[in-house]
Amino acid sequence: MPSESQIPIAASRKRRFAVSLALFYSAVFAVSGTHLPFFPVWLKGNGIDAAWIGLINALPAITRFTTLPQVTAFAEKRHAIRAAIMVSVLATAIGFTAVGLQQQPLALFLIYALTCMMWTPTMPLTDAYALRGVARYGLDYGPLRLWGSAAFAAGSLACGYLVDVIAARDLIWIIVAWAVVAVAASLLLQPLDDIRRKTTERHAGKALLRDAGFWAVIVSAALIQGSHVAYYTFSAINWQLHGISGLTIAGLWTLGVIAEIVVFALSPRFSLHPSTMIAIGGLSAVVRWIVTANEPPLALLAIVQLGHGFTFGMTIVGTMNLLVQRVPPHQIARGQGYYAACNGLLGATTSIASGAIYARIGDGLYYVMAAMAAGGALAIWSARHRLMAQPQSETSGG
């Protein structure tokens, strides 16, 4: 049976898919580029204390292992991944608008929780849609994904400039504006042929969860990506306390994203096995967080930020390549859901704990992150022989 990438496809359809996906990645990551660094700043600007900030910022991670797997599985079962993406971004725009109208911690917590239930499935669904397109059209994931990283950097820089110009309590409306752009971009996504199976899918999820190699991939990646929680949640607040301006903070974030973009752009040329890429990402994170914990001067901090290309970029490229190998196309949304759920479970636990830890030891929180990254590198390295010797077949279902 010929693979999907061998099916003759008109060049114009391939180009439309790539362009529309790149635009959507750009819009979605522009939301993240404003949200991740500056949503905690907005919370602080509304008088929310560090403990509440840690708890509220744990909500996206919590929904990743509670409601998200159900959403992705439902969308896959109904062959409606593209439609689910559209609904998700529309609900996100509405939710962030409602969040912006609140100032009380409990009200913020509840409304933000509802928003996250619809927002967090967006990226796994988009990655599932992208990986199906990669298989269908014979594309590479990295060059498609880099447009999202570029938009993340642009959104972060724009918000970093505005944080020194407008009141912190108004930052939420920048997030809302980008969410509206994402809604418009979702309408341009191209339909993909449904991957329907004549065989039953009743036990598809259980088959994936019985695959030890799949577990090794998602757990190691979740540990390494989860080690970024302290950076995502408290870096902007901490750097402000050290007298770094909002624009400089955005510049530091942008340096990391530039390195990430370079990794994505060069990824089709990598000859390393994906498991080795993940291990490199984990070891790089250990070094990065240890250096960050020691309050380095700005010049060294800028150099360390370039490590984001390895700690995040290399890890995600290796993870996606392994998921393509081990998860059949008709189960890719389910696989992305399980991966996001594992990320969410570790991320939520880490985020909740990080608020209390940061309140006690400040930058020492990064040592905990270094230990998490080391665990992820060890897990994937221990499983490398299994992952190299037993790639997932397209028809095995798990």
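Values in this document were obtained by computation on a predicted structure and should not be read as measured data.
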### Query
If only atom types and distance count, is the side chain of Arg145 paired as donor or acceptor with the main-chain N or O of Gly142 below 3.5 Å?
no

### Ile357 side, atom CD1; Ile361 side, atom CD1 - distance, nearest 0.5 Å
6.0 Å

### Message
Between Leu272 and Leu322, is there shared hydrophobic-cluster membership here, with clusters defined by ILVMFWY side-chain heavy atoms closer than 4.5 Å?
### Response
yes

### Message
Assess the residue pair Gln70 and Met117 against the criterion (side-chain contact (heavy atoms from CB on, under 4.5 Å)); give the C-alpha distance rounded to whole Å, side-chain angles, the decisive distance to 0.1 Å, and a yes or no.
### Response
CA-CA 11 Å; Gln70 284 70 39; Met117 288 179 187; over 6 Å; no

#### Entry: Note, Leu298 side chain near Thr248 side chain (heavy atom, < 4.5 Å)
yes

### Query
Quick one: are Val324 and Val134 in side-chain contact, heavy atoms under 4.5 Å?
no

### Query
Would the number of heavy atoms belonging to other residues, nucleotides or ligands and lying under 6.0 Å from CZ of Phe310 be above 12?
no

### Phe152 with Val89, same ILVMFWY side-chain cluster at under 4.5 Å
yes

### Message
For the aromatic rings, using the six-membered ring if either is Trp, is the centroid distance between Tyr231 and Trp253 under 6.0 Å?
### Response
yes

### Message
Please report the interatomic distance CG(Leu131) to OH(Tyr141), rounded to the nearest 0.5 Å.
### Response
6.5 Å

### Query
Hey, is the main chain of Ser275 close enough, under 3.5 Å, to the side chain of His273 for a donor-acceptor pair?
yes

### Task
Answer yes or no: is there a donor N or O on one side and an acceptor on the other, between the side chain of Ser88 and the main chain of Met118, under 3.5 Å?
yes

### Message
Quick one: does any side-chain atom of Asn294 pair with a main-chain N or O of Pro296 as donor and acceptor, under 3.5 Å?
### Response
no

### Message
Are the side chains of Ile218 and Trp215 in contact, using a 4.5 Å heavy-atom criterion?
### Response
yes

### Message
Any non-hydrogen side-chain atom of Ile224 less than 4.5 Å from a side-chain atom of Thr311?
### Response
no

### Query
Hey, is the main chain of Phe234 close enough, under 3.5 Å, to the side chain of Asn238 for a donor-acceptor pair?
no

### Message
For the backbone of Leu189 and the side chain of Arg82, can you confirm whether one donor and one acceptor N or O come within less than 3.5 Å of each other?
### Response
yes

### Summary
To the nearest 0.5 Å, atom CD of Gln103 lies from atom CG of Leu101 at 9.5 Å

### Task
Check the surroundings of atom CD in Gln104: do more than 12 heavy atoms from other residues, nucleotides or ligands lie under 6.0 Å from it?
no

### Task
Given side-chain contact (heavy atoms from CB on, under 4.5 Å), test Asn57 with Leu43 step by step and report yes or no.
CA-CA 10 Å; Asn57 274 277; Leu43 290 172; 3.6 Å; yes

#### Entry: Step-by-step side-chain contact (heavy atoms from CB on, under 4.5 Å) determination, Trp381 to Leu378
CA-CA 5 Å; Trp381 190 252; Leu378 180 61; 5.5 Å; no

### Task
Specify the closest pair of heavy atoms between Ile48 and Pro105, including all atoms of both residues, with the distance to one decimal.
CD1-CG, 3.7 Å

#### Entry: Minimum heavy-atom distance Ile261-Ser149, with the two atoms named
CG1-CB, 3.4 Å

#### Entry: pair Ile172-Ile175: side-chain heavy atoms closer than 4.5 Å
yes

### Summary
For Ser354 and Val229 the tightest heavy-atom approach is OG-CG1, 4.2 Å

### Ile85 CD1 to Leu187 CG distance, which is reported to the nearest 0.5 Å
12.0 Å

#### Entry: Whether over 12 other heavy atoms sit under 6.0 Å from Trp239 CH2
yes

### Message
Just so I know, are the side chains of Tyr339 and Thr72 near enough to count as touching, which here means a heavy-atom distance under 4.5 Å?
### Response
no

### Query
Is atom CH2 of Trp42 surrounded by more than 12 heavy atoms (other residues, nucleotides or ligands) closer than 6.0 Å?
yes

### Message
A side-chain contact here means heavy atoms from C-beta on lying under 4.5 Å apart; do Gln336 and Tyr129 qualify?
### Response
no

### Task
Report the distance from atom CH2 of Trp178 to atom CZ of Phe96, rounding to the nearest 0.5 Å.
14.5 Å

### Message
Looking at Ser284 and Ile280, would you say the former's side chain and the latter's main chain have a donor-acceptor pair under 3.5 Å?
### Response
yes

### Message
Parallel, tilted or perpendicular: which one describes the rings of His35 and Tyr112, with boundaries at 30° and 60°?
### Response
parallel

#### Entry: Donor-acceptor under 3.5 Å (Ser235 side chain, Tyr232 main chain)
no

### Task
Following the transitive rule for hydrophobic clusters with a side-chain heavy-atom cut-off under 4.5 Å over Ile, Leu, Val, Met, Phe, Trp and Tyr, establish whether Tyr366 and Val304 coincide in one cluster.
no

### Query
Hey, mind stepping through Trp119 and Thr63 against side-chain contact (heavy atoms from CB on, under 4.5 Å) and telling me if it holds?
CA-CA 9 Å; Trp119 180 33; Thr63 57; over 6 Å; no

### Task
Taking all non-hydrogen atoms of both residues into account, name the closest pair between Val71 and Pro121 and its distance.
CG1-CB, 3.8 Å

### Task
Establish whether Phe24 and Val87 are linked, either directly or via other cluster members, by ILVMFWY side-chain heavy-atom contacts under 4.5 Å.
no

### Query
How far apart are the closest heavy atoms of Ser227 and Ala285, and which atoms are they?
OG-CB, 4.1 Å

#### Entry: Donor-acceptor contact present, side-chain Gln225 to main-chain Leu223, <3.5 Å
no

### Task
For the residue pair Phe270 and Asn321, establish whether any side-chain heavy-atom pair is separated by less than 4.5 Å.
no

### Query
Any idea which heavy atoms bring Ile332 and Ala128 closest together, and the distance?
CG2-O, 3.8 Å

### Query
Roughly how far, to the nearest 0.5 Å, is CG of Leu146 from OG of Ser267?
8.0 Å

### Task
Determine whether Trp173 and Leu171 fall in the same hydrophobic cluster, where Ile, Leu, Val, Met, Phe, Trp and Tyr are linked whenever their side-chain heavy atoms lie under 4.5 Å apart.
yes

